[in-house]
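First the structure, in the form of C-alpha cells, and then the observations on it.
Numbered from 1 within each chain, the chains take letters A, B, ... in sequence-line order.
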2 protein chains.
Amino acid sequence: MKIGQKSVCCIGRPRAFDSEKALEKALEVFWRKGYDGTSLADLTDAMGINKPSLYAAFGNKEQLFIKAVDLYENRPNSVFHDALMQKTAYAVAEYMLYGVADDLADKSHPNGCVIVQGALSCSEAAASVKEALINKRVGHEAKIAERFAEAKAAGDLPTSADPEALARYLGTVLQGMTIQVTNGSDQQQLREIAKMALMAFPQPQ
Amino acid sequence: MKIGQKSVCCIGRPRAFDSEKALEKALEVFWRKGYDGTSLADLTDAMGINKPSLYAAFGNKEQLFIKAVDLYENRPNSVFHDALMQKTAYAVAEYMLYGVADDLADKSHPNGCVIVQGALSCSEAAASVKEALINKRVGHEAKIAERFAEAKAAGDLPTSADPEALARYLGTVLQGMTIQVTNGSDQQQLREIAKMALMAFPQPQ
DNA sequence: TAATTTATTTACCAGTCGGTACATAAATGA
DNA sequence: TCATTTATGTACCGACTGGTAAATAAATTA
C-alpha cells in the first residue's frame with residue numbers, strides 16, 4: 001500500500017534503536033540463560049535500551065521471549081525447514097542429524113537450543129512459556145512425522161514403518177544432542193552420534 | 001563407635017524435622033522447577049521448616065541443591081548402577097534404555113531428570129551448579145564408556161567398536177528421552193524409542 | 001538447679017525482581 | 001508556529017530475592 005510520499009514511516013518520534021537487532025540481542029540472552037535465569041536488566045543491557053522502550057516495543061518479558069523464539073525458529077540457516085525438503089525420509093533424517101550437529105557445534109551463538117533449554121524446568125511464572133516451548137517441540141516432531149508419512153505413501157519407507165515413532169526417535173536424538181554440546185561434545189563427536197543414530201533408521205530401498 | 005549410653009544423639013536441642021525427608025522434599029522442588037526457578041520460600045514451604053533451620057542444616061541454596069542431587073543419584077531404584085552390572089555391553093544399553101524409559105514414565109515423581117534439567121540454561125548465580133551437573137553427566141558417560149571398554153576387552157563388543165562413542169550415543173538418547181517425557185511421551189512411546197535406539201547398538205555375538 | 005549447647009522463631013537486611021508513571025524530546029501534519 | 005503523536009530517560013512502585021541477627025526454647029551435662 002505504498003503511496004509515493006516523502007513521509008518516512010509514521011507519525012511521532014521515531015524509535016532510536018533497530019527493533020530486529022534488539023530482538024536478536026534478547027534472543028542471545030534468553031538462549032544463554034533461559035527464561036527464569038534472564039532478568040530485565042540482562043535484557044536491557046544487551047539490547048541497549050531501557051525498560052520503557054522494551055515494554056513499548058515488545059510487550060513484557062514473556063512476550064519478548066516468545067518473539068525472540070519466533071525469530072530463532074525463522075533463522076536464515078534453520079536446518080529444520082531445509083531438512084524437510086529432502087527427497088527421502090532417510091535423507092530428511094540424515095540432513096537433520098548432520099545439520100543440527102554442525103549448527104550446535106557453531107560457536108558463533110550460545111550453546112544448545114533455546115526451544116529445548118529456554119524453560120525446561122522452571123518457576124510458576126514461566127509456566128506458560130514452558131508450555132509454548134513444549135508445543136513448538138511437539139509441533140516440530142509432528143511435521144517430521146507428517147513428512148515421514150508422505151515418504152511412506154511414496155514408498156520410500158517400508159510399509160511396516162511407524163512415521164510418528166520414527167519422528168519421536170529422531171526428535172529424541174536431536175534433543176539429546178543439544179545437551180551433549182553443553183556437556184562439551186565437539187562437532188566430530190556430534191557427527192558420530194548422528195551417524196550412529198542413522199543406523200537405527202530404515203535404510204533407503 | 002556406638003558406646004552403650006542412653007544419650008540419644010548429641011548435645012543441645014534436637015532438630016524438630018527429619019533431615020532426610022526434608023532433603024527429599026527439596027529435591028522434588030528443584031526437580032520440578034530447576035535451580036533458578038526455585039526460591040527459598042518454595043523450599044521452606046515444601047520442607048516444612050524455616051530459613052534459619054535450612055541454612056543451619058544444609059548450608060545455603062546451592063549446597064542444598066548439590067545435596068539434593070546427591071540424594072537423587074543414590075535413589076534406591078537408580079537404574080544407572082544396576083545397568084552397569086549387566087553381563088554384556090548390549091545388555092547394559094538395553095537395561096539402561098528400558099529402565100530409564102520406565103523410570104521417566106513413573107508419575108510418582110516430577111518429570112525428567114534433575115541432573116539434565118536442573119540448570120541447563122541458567123543465570124550467572126547458578127553457573128557453578130550448572131558446572132556441577134555437567135560434571136555429573138560427563139562422569140556418568142565416562143563410567144558407561146569404561147564399562148563398554150571392559151566389554152570390548154572381554155570380547156562381547158567388536159574390536160571395531162568405540163566405547164566412548166557408544167557411551168555418548170547412549171547418553172544422548174537417554175538425555176533426549178528426559179525431554180520427550182516433558183513433551184508428553186508415555187511409557188510405551190519411550191520404550192519404542194529405547195527399542196529403536198538399540199537397533200544402532202552393536203548386536204551381541 | 002545451673003551452665004552449656006544447639007534449634008527454632010521472628011523480624012529484619014540490602015539488593016533485585018518485573019513493571020510503570022511522568023516529564024521531556026523528537027518527529028509529524030496543520 | 002503549534003497541536004498531536006510517539007519514544008526516551010528518570011525515578012519510582014510493591015513484592016520478592018537469598019541470607020542473617022537476635023531472642024527464645026529444648027535438649028544436654030555438671
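Within the structure, every side-chain polar atom (N or O) of B:Asn50 is placed at least 4.0 Å from both OP1 and OP2 of C:dT8. For the pair A:Ser53 and D:dA7, the criterion of a side-chain N or O lying under 4.0 Å from OP1 or OP2 is not met.
The backbone N or O of A:Ala83 lies less than 3.5 Å from no partner atom in the side chain of A:Arg147, so there is not a single donor-acceptor pair.
Shortest non-hydrogen contact noted between B:Phe17 and B:Ala22 is CD1-CB, 3.9 Å. Taking every heavy atom of both residues into account, A:Gln189 and A:Ser185 meet most closely at OE1-CA, 3.2 Å.
Comparing B:Asp42 and A:Pro52 along DNA chain D, the residue whose closest nucleotide (by nearest heavy atom) sits nearer the 5' end is A:Pro52. Nucleotides of DNA chain C nearest to B:Gly12 and A:Gly12 differ in position, and the one nearer the 5' end is that of B:Gly12.
Rounded to a whole Å, the CZ atom of B:Phe17 is 9 Å from the C1' atom of C:dA7. Distance, A:Asp18 CG to D:dA7 P: 14 Å, rounded to whole Å. Between the P atom of D:dT6 and the CZ atom of A:Arg15 lies a distance of 12 Å, rounded to the nearest Å. Separating the CE atom of A:Met47 from the C1' atom of D:dT8 is a distance of 15 Å, rounded to the nearest angstrom. Atom P of nucleotide C:dT20 and atom NZ of A:Lys51 are separated by 11 Å, given to the nearest angstrom. Following rounding to the nearest Å, B:Leu54 (CG) and D:dG19 (P) show an atom-to-atom distance of 9 Å. Put simply, CD1 on B:Ile49 is 14 Å from P on D:dG19, counting in whole angstrom units. Distance B:Arg13 CZ to D:dA25 P: 9 Å, rounded to the nearest Å.
At a non-hydrogen distance threshold of 4.0 Å, B:Thr38, B:Ser39 from residues 30-39 of chain B come into contact with DNA chain D. If you check residues 55-71 of chain B against DNA chain D, the residues with a heavy atom closer than 4.0 Å are B:Tyr55, B:Asn60, B:Lys61, listed by number.
Taking CE from A:Met196 and CZ from A:Arg191, the interatomic distance works out to 16.0 Å, rounded to the nearest 0.5 Å.
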*Apply side chain to side chain contact (heavy atoms under 4.5 Å, CB included) to the pair A:Val79 and A:Tyr98, showing each step before the final yes or no.*
CA-CA 9 Å; A:Val79 171; A:Tyr98 284 107; over 6 Å; no

*Evaluate the side chain to side chain contact (heavy atoms under 4.5 Å, CB included) criterion for residues B:Leu64 and B:Leu23: first the C-alpha distance (whole Å), next the side-chain angles of each, then the deciding distance (0.1 Å), finally the verdict.*
CA-CA 8 Å; B:Leu64 173 59; B:Leu23 193 55; 3.6 Å; yes

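No side-chain heavy atom of A:Gln180 sits less than 4.5 Å from a side-chain heavy atom of B:Arg137. Two residues are said to be in side-chain contact when any heavy atoms from C-beta on lie closer than 4.5 Å; B:Glu192 and A:Asp162 meet this criterion.
A:Phe148 pairs with exactly one of A:Phe201, A:Tyr90, A:Tyr169 by the ring pair (Phe, Tyr, Trp, His ring centres under 6.0 Å) rule, that one being A:Phe201. Of the residues listed (B:Asp106, B:Asp82, B:Asp103), the one engaging B:Arg75 in a salt bridge (charged side-chain N to carboxylate O under 4.0 Å, His left out) is B:Asp103, and it is the only one.
Counting only N and O atoms by type, the side chains of B:Thr182 and B:Asn111 include no donor and acceptor under 3.5 Å apart.
Taking 4.0 Å as the cut-off between side-chain N and carboxylate O, A:Asp70 and A:Lys136 count as a salt-bridged pair.
At the heavy-atom level, A:Ala125 lies nowhere under 4.0 Å from the strands shown.
Secondary-structure annotation of DNA chain D gives the stems C:1-30 with D:1-30, with a stem taken as at least 3 successive Watson-Crick or G-U pairs whose two distances both fall under 3.5 Å.
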